[in-house]
Amino acid sequence: MTDRPHLAVIGAGPAGLAATLAAAAHGVRVTLIDAAPEAGGQFYRQPASDLGARRPEALHHQWRTWERLRDGMRKHADFVRHLTDHHVWLVERGPRAGFTLRALLGPEQTDPAEVHADAVLLATGGYEKVLPFPGWTLPGVLTAGGAQAMLKGSLAVSGRTAVVAGTGPLLLPVATGLAAAGVEVAALVESADPLGFVRRSRALLAEPAKVVEGAGYAARLLRHRVPTLARHTVVEAHGTERLEAVTVAALDRAGRTRPGTGRRIPCDTLAVGHGMLPHTDLAETLGCRLDGVAVHVDAEQRTDVPGVWAAGETTGIGGAVLSLAEGHIAGRSAAARLHGTEPDPRAWAAAARTRTRLRAFFAALDGVYAPPAHWTSLITDDTVVCRCEEVTGGAVREAVEELGAGDARTVKLLTRAGMGWCQGRVCGPAVAGLAGCALTPSRRPFARPVPLGVLARAGEADGDA
Ligand SMILES: Cc1cc2nc3c(=O)[nH]c(=O)nc-3n(C[C@H](O)[C@H](O)[C@H](O)COP(=O)(O)OP(=O)(O)OC[C@H]3O[C@@H](n4cnc5c(N)ncnc54)[C@H](O)[C@@H]3O)c2cc1C
């Protein structure tokens with residue numbers, strides 16, 4: 001076993017699992033590392049084992065694919081080591097060759113662990129974008145993906161009456177999932193213009209499986225009598241101790257709220273999301289080139305840093321099936337190159353075709369789903385924008401309009417927005433929007449906060465986790 005080359009895969013979602021199986025099947029020893037306690041990532045998030053879920057498949061699509069991945073992991077168990085609860089904060093080139101991965105262990109994230117490998121495959125997925133509006137910090141307001149994660153991971157819902165709002169395809173499984181779990185979904189509020197689907201119908205219809213999936217969600221929304229408000233947005237969440245209602249308003253063609261259209265919807269849960277962004281922190285620490293906000297890869301899913309591959313939503317948002325295809329290609333390519341051979345792309349031709357089709361589909365979808373063009377006008381001066389450091393919209397505007405800040409970094413230095421625990425992951429898009437600049441990578445030295453004691457001892461241990 002030890003004479004096999006060693007690949008470290010970070011992220012046990014669809015991309016990381018597909019990559020692990022492809023590499024292990026082609027003579028590579030794999031260490032699969034993930035911060036979560038179970039494999040599956042966001043899409044195949046599993047209920048905590050002590051909950052004793054009898055039918056976890058009821059909360060999932062494509063359960064057969066998950067079973068195939070899970071069985072594949074068992075089959076290749078001799079060559080795959082799965083490290084759960086490992087939060088990787090840094091990947092660096094080893095002193096001689098290969099790479100050293102530095103992680104923090106368990107929920108406390110205070111004890112360190114190290115993994116050494118010949119090559120690295122980044123499959124760290126994406127995270128949700130949430131744009132602020134008055135009342136968004138009230139208890140009862142959570143991200144759409146957060147509501148979905150609670151449902152899948154804890155079999156729990158956060159209230160009895162929910163509004164699901166924002167923009168993007170993720171709102172559909174969230175609304176139907178909550179409704180199926182017995183929550184009254186008072187409205188699905190989507191800011192996208194349905195005409196956008198008509199304008200891009202050619203590109204969208206080229207992927208019939210996705211059209212069928214969309215129709216399935218529409219049927220479920222009808223069955224659960226979920227009212228859908230297209231070209232609408234939440235303008236305010238109301239409540240004193242916790243969420244009691246939201247006000248939604250219609251949007252005009254320019255993306256401004258139409259005066260006089262506001263209506264109040266009582267609810268105790270607001271699940272809100274405005275799309276997804278790729279996780280690029282580890283790629284940034286390695287110095288990988290980014291295309292906009294995603295990791296740049298070539299046809300083999302290689303980054304521009306030798307020995308580093310990337311697959312799945314870290315390279316661009318496109319759903320679980322695209323992540324599986326990219327992971328498979330990356331795993332095959334890494335296996336061939338680690339054995340010192342030139343990979344033959346014919347070996348992954350089917351996955352490459354899926355990748356091409358789904359990238360085109362999601363590019364078209366990206367042009368349809370969008371937050372309201374004038375979403376920053378909803379942020380009042382006393383709306384908290386940076387939750388960690390409690391920086392308001394007024395403070396950010398003052399930094400921009402009176403102190404001359406023209407980018408998120410200068411706003412951060414003047415207001416502390418983005419200096420807190422989340423390191424600007426949540427407030428970054430809002431600060432960039434208020435500053436009128438593009439969202440740019442932050443180039444943090446580490447992917448997550450690290451205790452000083454761990455930093456001081458980094459490099460002392462030479463054993464593997
Ligand atoms: C909260 C949330 C809920 C979602 N729910 C749905 C849904 O219901 N239906 C749907 O169609 N799509 C959903 N999506 C989108 C879907 O999950 C993705 O399309 C798909 O999972 C992408 O696969 P991936 O392998 O690229 O990444 P992911 O599945 O996101 O897996 C990435 C993995 O990397 C791990 N990771 C990241 N950084 C580190 C690190 N530094 N150290 C260690 N581990 C790390 C994470 O723990 C995660 O397990 C959701 C996305 C999110 C964020």
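Hydrogens, waters and symmetry mates are skipped; everything else that's a heavy atom, side chains included, is used. Just so you know, ligand 1 is whichever comes first in the structure, and atom 1 is the first atom listed for that ligand.
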Taking non-hydrogen atoms only, is Pro14 closer than 4.0 angstrom to ligand 1 via side chain, backbone, both or neither? both
Are any of the heavy atoms in Met276 under 4.0 Å away from ligand 1? yes
Can Trp309 and Ser333 be counted as having a side-chain donor-acceptor contact under 3.5 angstrom? yes
For atom 12 (N) of ligand 1, what is the closest protein heavy atom, and at what distance to 0.1 Å? Phe43 CD1, 3.6 Å
The one among Thr285, Val321, Thr124, Val91 that brings a heavy atom closest to atom 39 (C) of ligand 1: Thr124
Report the part of Glu313 in contact with ligand 1, treating N, CA, C, O as backbone and CB onward as side chain, heavy atoms under 4.0 Å; options are side chain, backbone, both, neither. both
Going by the order shown, which atoms of ligand 1 are within less than 4.0 Å of some heavy atom of Ala320? 19 (O)
Between the side chains of Thr84 and Glu38, does any donor sit under 3.5 Å from an acceptor? no
Atom 3 (C) of ligand 1 [closest protein heavy-atom partner, distance rounded to 0.1 Å]: Gly145 CA, 3.8 Å
For atom 42 (N) of ligand 1, what is the nearest protein heavy atom, given as residue, atom name and distance? Val88 N, 2.9 Å
Mark up the atoms of ligand 1 that fall under 4.0 Å of a heavy atom belonging to Gly126, in ascending order. 53 (C)
Distance under 6.0 Å and angle within 45° of ring axis: Lys152 vs Phe43: yes
At under 4.0 Å between heavy atoms, is it the side chain or the backbone of His86 that contacts ligand 1, or both, or neither? backbone
Give the residue and atom name of whichever protein heavy atom lies nearest to atom 27 (O) of ligand 1, and the separation in Å to one decimal. Gly125 CA, 3.2 Å
Where is the nearest protein heavy atom to atom 24 (P) of ligand 1: which residue, which atom, and how far? Ser323 OG, 3.7 Å
Top protein contact for atom 45 (C) of ligand 1, by heavy-atom distance: Ala35 N, 4.2 Å
Leu282 contact mode with ligand 1 (heavy-atom cut-off under 4.0 Å): side chain
Aromatic ring proximity Tyr369/Phe197, centre distance under 6.0 Å: yes
Between Ala103 and ligand 1, which residue portion shows a heavy-atom distance shorter than 4.0 Å: side chain, backbone, both, or neither? neither
Residue-level breakdown please: for Ala15 versus ligand 1, do any non-hydrogen atoms fall below 4.0 Å on the side chain, on the backbone, on both, or on neither? both
Only heavy atoms of Ala123, strictly under 4.0 Å: list the atoms of ligand 1 that pass. 32 (C), 33 (C), 34 (O)
Answer yes or no on whether Arg4 is positioned over the face of Phe79, meaning its NZ or CZ is under 6.0 Å from the six-membered ring centre and within 45° of the axis. yes
Is there a side-chain contact between Val189 and Val164 (heavy atoms, below 4.5 Å)? no
Under a 4.0 angstrom heavy-atom cut-off, which atoms of ligand 1 come close to Gly319? 19 (O)
Determine whether Arg359 and Leu322 make a side-chain contact, defined as any pair of heavy atoms from C-beta on separated by less than 4.5 Å. yes
Quick check on Arg448 - does any of its heavy atoms sit under 4.0 Å from an atom of ligand 1? yes
Sub-4.0 Å atoms of ligand 1 with respect to non-hydrogen atoms of Gly13: 25 (O), 29 (O), 31 (O)
Side chains of Arg160 and Val183, heavy atoms from C-beta outward: is any pair under 4.5 Å? no
Determine, considering heavy atoms only, which of Leu322, Asp34, Ile33 sits nearest to atom 48 (C) of ligand 1. Asp34
Can you tell me which residue and heavy atom of the protein come closest to atom 34 (O) of ligand 1, and the distance to 0.1 Å? Gly11 CA, 3.2 Å
Partner set under salt bridge (Lys or Arg N to Asp or Glu O under 4.0 Å) for Glu284, not counting sequence neighbours: none
Are Ala447 and ligand 1 in contact, using a heavy-atom cut-off of under 4.0 Å? no
Presence of salt bridge, Arg337 and Glu300, under 4.0 angstrom: yes
Please say whether more than 12 non-hydrogen atoms of neighbouring residues, nucleotides or ligands are located less than 6.0 Å from CZ in Arg409. no
With a 4.0 Å cut-off, would you call Asp71 and Arg68 a salt bridge? no
Decide whether Asp118 and His6 meet the rule of one side-chain donor and one side-chain acceptor closer than 3.5 Å. no
Distance filter under 4.0 Å to Gly312 heavy atoms, resulting ligand 1 atoms: 26 (O)
Return the orientation label for the Trp89 and Phe446 ring planes: parallel under 30°, perpendicular over 60°, tilted otherwise. perpendicular
Would you mind checking if Asp193 and Arg231 are paired as a salt bridge, meaning a charged N to carboxylate O distance below 4.0 Å? yes
Applying a 4.0 Å heavy-atom criterion (strictly less than), which segment of Leu170 is in contact with ligand 1: side chain, backbone, both, or neither? side chain
Which of the numbered atoms in ligand 1 are below 4.0 angstrom from a heavy atom of Gln148? 5 (N), 7 (C), 8 (O)
With a 4.5 Å heavy-atom cut-off, do Thr228 and Leu221 have their side chains touching? yes
Per atom 17 (O) of ligand 1, closest listed option by heavy atom (Gln42, Lys152, Glu326): Gln42
